[in-house]
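Read the structure below first, then the notes.
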Amino acid sequence: MKNSSSGKSCGALRTIGEASAELGVKSHILRYWEEQFPMLRPLKRAGARRYYRSEDMALLARIDDLLNRQGYTVKGAVKFLKSSGEMPQDFPSSRSAAPAALDADKIHKLQDIRAVLAEALAAA
C-alpha cells in the first residue's frame, strides 16, 4: 500500500525532509518536537540522520493536529497525550527494555537496515 503524497509504502522509513514535506511542518519544528515529546523517538543513524517509522509519522500527525488545529500549547499537548493514555505517565527517559522487547527492537532495527539498503540499491 503506497502513501499518495510521498510515493512510499505506509511502512517505509522517512527522512526528516520527507516527514516535513508530508506533514507540511518545517524540519526544525520536528526536531523541536522531539525535545518536547519524549515518546517521539525516530531512529537515528550515522551522523544523527533521522528515520521516521510509520508509528512516528502517526504521532507527528497527532501532535501537529493538537498544536496547529486544536490550539493546544506544547505543554498542554503533552499533558493531553499523557492523560488520554496516548503517552504513558512515566515514559522512560532511556530505552531500558525487557528481554522480549529487545528481541522486537532488534527485529525493527534489522528491518530498518534492510529498508536503508534497499533504498541504496535502488539509487545505484
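Because the structure is a prediction, the values reported are computed rather than measured. Keep in mind that the numbers below use all heavy atoms, side chains included, and drop hydrogens, waters and symmetry copies. When a residue number appears, it is its place in the shown sequence, counting from 1.
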Item to complete: I would like to know whether K44 and E34 meet salt bridge (Lys or Arg N to Asp or Glu O under 4.0 Å); could you show each step before the answer?
Response: CA-CA 12 Å; K44 290 186 182 173; E34 286 176 37; 3.7 Å; yes
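- The CG atom of D56 sits 11.5 Å away from the CZ atom of R50 when rounded to the nearest 0.5 Å.
- Pairing each heavy atom of M57 with each of A19, the nearest pair is SD-CB, 3.6 Å.
- Of the possible polar contacts, one joining the R53 side chain to the R41 backbone as a donor-acceptor pair under 3.5 Å is found.
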Contacts under 3.5 angstrom, residues 70-78 side chains, donor-acceptor by atom type, not counting sequence neighbours:
from	atom 1	to	atom 2	distance (Å)
Q70	NE2	D65	OD2	2.6
T73	OG1	G76	N	2.9

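- Contact detail for S27 and S20: the closest heavy-atom pair is N-OG, 3.5 Å.
- By the 4.5 Å heavy-atom criterion applied to side chains, F37 and L59 are not counted as neighbours.
- Distance OH/Y51 to CD/E119: 6.5 Å, rounded to 0.5 Å.
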* Checking side chain to side chain contact (heavy atoms under 4.5 Å, CB included) for the pair E22/Y52: CA distance, chi angles, key distance, verdict? -> CA-CA 12 Å; E22 193 170 314; Y52 292 90; over 6 Å; no
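- Formation of a donor-acceptor pair under 3.5 Å by the Q36 side chain with backbone atoms of W33 is not found in this model.
- Residues R49 and I16 are not in side-chain contact: their nearest non-hydrogen atoms beyond the backbone lie 4.5 Å or more apart.
- Of the listed residues (V25, D64, L40), just one forms a side chain to side chain contact (heavy atoms under 4.5 Å, CB included) with L30, and that residue is V25.
- Under the rule for a salt bridge (Lys or Arg N to Asp or Glu O under 4.0 Å), R114 has no partner lying at least two apart in sequence or in another chain.
- The distance from the CD atom of E55 to the CG atom of L60 is 11.0 Å, given to the nearest 0.5 Å.
- In this structure, the side chain of R45 does not engage the main chain of L43 through any donor-acceptor pair within 3.5 Å.
- Under the rule for a salt bridge (Lys or Arg N to Asp or Glu O under 4.0 Å), K26 has no partner lying at least two apart in sequence or in another chain.
- I29 contributes atom CD1, which lies 12.0 Å from atom CD1 of I63 (distance to the nearest 0.5 angstrom).
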